[in-house]
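Naming: A, B, ... by sequence-line order, numbering from 1 per chain.
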Amino acid sequence: MSITKKLITWYSKNKRDLPWRETTDPFKIWLSEIIMQQTRIEQGTSYYLKFVDEFASVEELAIAPEDKIMRMWQGLGYYSRARNLHAAARQIKNQYEGQFPVSYKELIKLKGVGDYTAAAIASITNNEAVPAVDGNVKRVIARLFDIRDDISTAKTYNTIKNISAQLITKDDPGTFNQALMDFGALRCTPKNPKCTDCPLSEHCLAMQSGMVQELPVKYNRTKKKYRYFNFLILELKNGKQDFFYILQRTEKDIWNRLFQFPLIESEQLLKENALIKELSKRIPDAEAGELTISRQYKHLLSHQIIFAQFIRIRLKNEPQKIPSQWIKIPKHKIVDYGIPRLIDQYLKTEYF
DNA sequence: GAGCCGTGGGC
DNA sequence: TGCCCAAGGCT
């Protein structure tokens, strides 16, 4: 029996029961694909359910405010996906009259939809025989064909895509693509792959050459950058309500479009004296009262390691000379804003 | 092409 | 002050 047939058979018995496998609605398939990019099923599923519950159609998503989408995406990471999701929804509303495109050719034009995602959606919703090559597929095919080249290069990507194009079935390409991915996720795993009784072992060249554990090969390790964040929580009591200041991140940097407390980035975490000096430099007319420094947090990102501390400062007066982008909000309203995980965890464990 | 962009979990 | 990986895409 061919690799393809064995794979399809394996899939019919072992496929994962996932919410978006109950539909071929391109809107829902697209949502699931964007949410699951570089994300584990266990992490992304609740977000998928939340989004399909909140937005019945791509048009509803298109007219939603961006801040609402960012709030809903909070905690999922890679926030450019959320911004691109919104942009793509507006593209579809404006250029396709709300009719979701299903061909690879049109899908690839959407913001946030690259080669993998366009192929996945087109194969599932439009029966196009286009190979969807994700991390799972790269690994499975690298092992099956004993490909020892660096899988992070475009050349190897094309090699693998061509092989998958040879294997894909024209009658049910969506199932084939998903079968290959599930096989990688459940069976041909990065570590400790289940090679015993593997239905594809007789086809597996890496198995024959003893290279399974060494594949796939991936170079290109970039060093992580260290950063030090001092967040200022400037607290105001105004009558009965408690307020503090937040602002939106808008630079080409991490956490773009999320909200945060006023930030002082430094070479090392600052001590109390330096903090007071920085505060008076930034807000000359502020009268600081009690000052409390949190524990030190270490927050890991894909390319950065962030050390952070949060400094609560009671203000005795309401300063006038504050930066224009700062927003004064009642503390409890912070739940309406999308914030980074780091800040969310601080607020939940130490602040509220 | 290479660097950048989050978060959580396994080991 | 660990390292790798996960349904990638953008610049």
Side-chain angles (χ1 to χ4, degrees), chain A residues 15-16 18-21 29-48 70 73-85 87-88 107-121 123-124 131-140 150-157 161 174 177-186 188-193 216-228 249 251-258 268-269 296-308 338-345:
Chain A
K15 71 171 181 175
R16 291 176 287 186
L18 304 172
W20 48 92
R21 286 187 173 163
I29 300 298
W30 165 71
L31 262 180
S32 74
E33 291 297 344
I34 302 298
I35 288 172
M36 294 307 155
Q37 285 171 3
Q38 295 290 286
T39 303
R40 291 172 193 280
I41 300 294
E42 309 81 61
Q43 192 190 0
T45 300
S46 67
Y47 287 83
Y48 168 80
M70 297 310 291
W73 202 272
Q74 176 179 314
L76 194 52
Y78 284 141
Y79 297 95
S80 65
R81 290 183 295 166
R83 301 189 300 272
N84 288 335
L85 186 83
L107 287 163
I108 196 73
K109 296 176 184 170
L110 298 175
K111 278 261 197 312
V113 175
D115 186 51
Y116 159 77
T117 304
I121 301 172
S123 66
I124 294 169
V133 178
D134 74 333
N136 290 307
V137 174
K138 285 186 192 173
R139 184 174 58 257
V140 172
D150 180 2
I151 59 156
S152 58
T153 68
K155 187 168 182 290
T156 311
Y157 179 83
K161 194 174 162 183
N177 279 334
Q178 294 183 84
L180 205 46
M181 288 189 278
D182 264 25
F183 188 79
L186 300 175
C188 197
T189 48
K191 286 166 193 161
N192 306 316
V217 174
K218 196 189 283 184
Y219 300 118
N220 191 19
R221 294 266 122 66
T222 54
K223 254 194 224 161
K224 292 194 174 179
K225 180 179 164 187
Y226 286 77
R227 297 176 76 175
Y228 302 87
R249 293 179 66 91
E251 304 304 310
K252 279 189 177 175
D253 194 356
I254 59 170
W255 300 330
N256 192 7
R257 298 295 173 184
L258 293 183
Q268 287 291 327
L269 287 179
Q296 293 186 5
Y297 287 78
K298 180 183 175 183
H299 191 74
L300 306 170
L301 284 69
S302 49
H303 285 69
Q304 302 184 19
I305 300 174
I306 294 169
F307 290 90
I339 56 176
R341 188 56 130 190
L342 167 64
I343 297 178
D344 192 40
Q345 282 176 339

- [ ] Using the P atom on both, measure B:dG6 against C:dT11 and round to a whole Å.
- [x] 14 Å
Open item on the list: Taking the basic N atoms (NZ, or NE/NH1/NH2) and the acidic carboxylate oxygens, is any pair closer than 4.0 Å for A:D182 and A:R16?
Closed with: yes
- [ ] Check whether any side-chain nitrogen or oxygen of A:K298 sits under 4.0 Å from OP1 or OP2 of C:dG2, and answer yes or no.
- [x] yes
Task: Under 4.0 Å protein heavy-atom contact, by nucleotide of nucleotides 4-11 of chain B - B base, S sugar-phosphate only - done: BBBBBBB-
- [ ] Using side-chain hydrogen bond (donor to acceptor under 3.5 Å, both in side chains) as the criterion, point out the one residue from A:H299, A:R227, A:K225 that pairs with A:Q304.
- [x] A:R227
Task: Distance-only side-chain donor-acceptor flag, A:Q37 / A:Y116, under 3.5 Å - done: no
- [ ] Would you mind reporting whether A:Q178 and A:K15 have side-chain heavy atoms less than 4.5 Å apart?
- [x] no
TODO: For nucleotides B:dG3 and C:dC4, find the distance between their P atoms and express it as a whole number of Å.
DONE: 15 Å
TODO: List the atom of A:L342, the atom of A:W255, and the distance in Å for their closest heavy-atom pair.
DONE: CD2-CH2, 3.9 Å
Open item on the list: Between B:dC4 and C:dA7, how many Å separate the two P atoms, rounded to a whole number?
Closed with: 24 Å
Task: Distance in angstrom units between A:R139 CZ and C:dA7 P, rounded - done: 6 Å
Open item on the list: In terms of relative ring orientation, are A:W20 and A:Y48 parallel, tilted or perpendicular, with 30° and 60° separating the classes?
Closed with: perpendicular
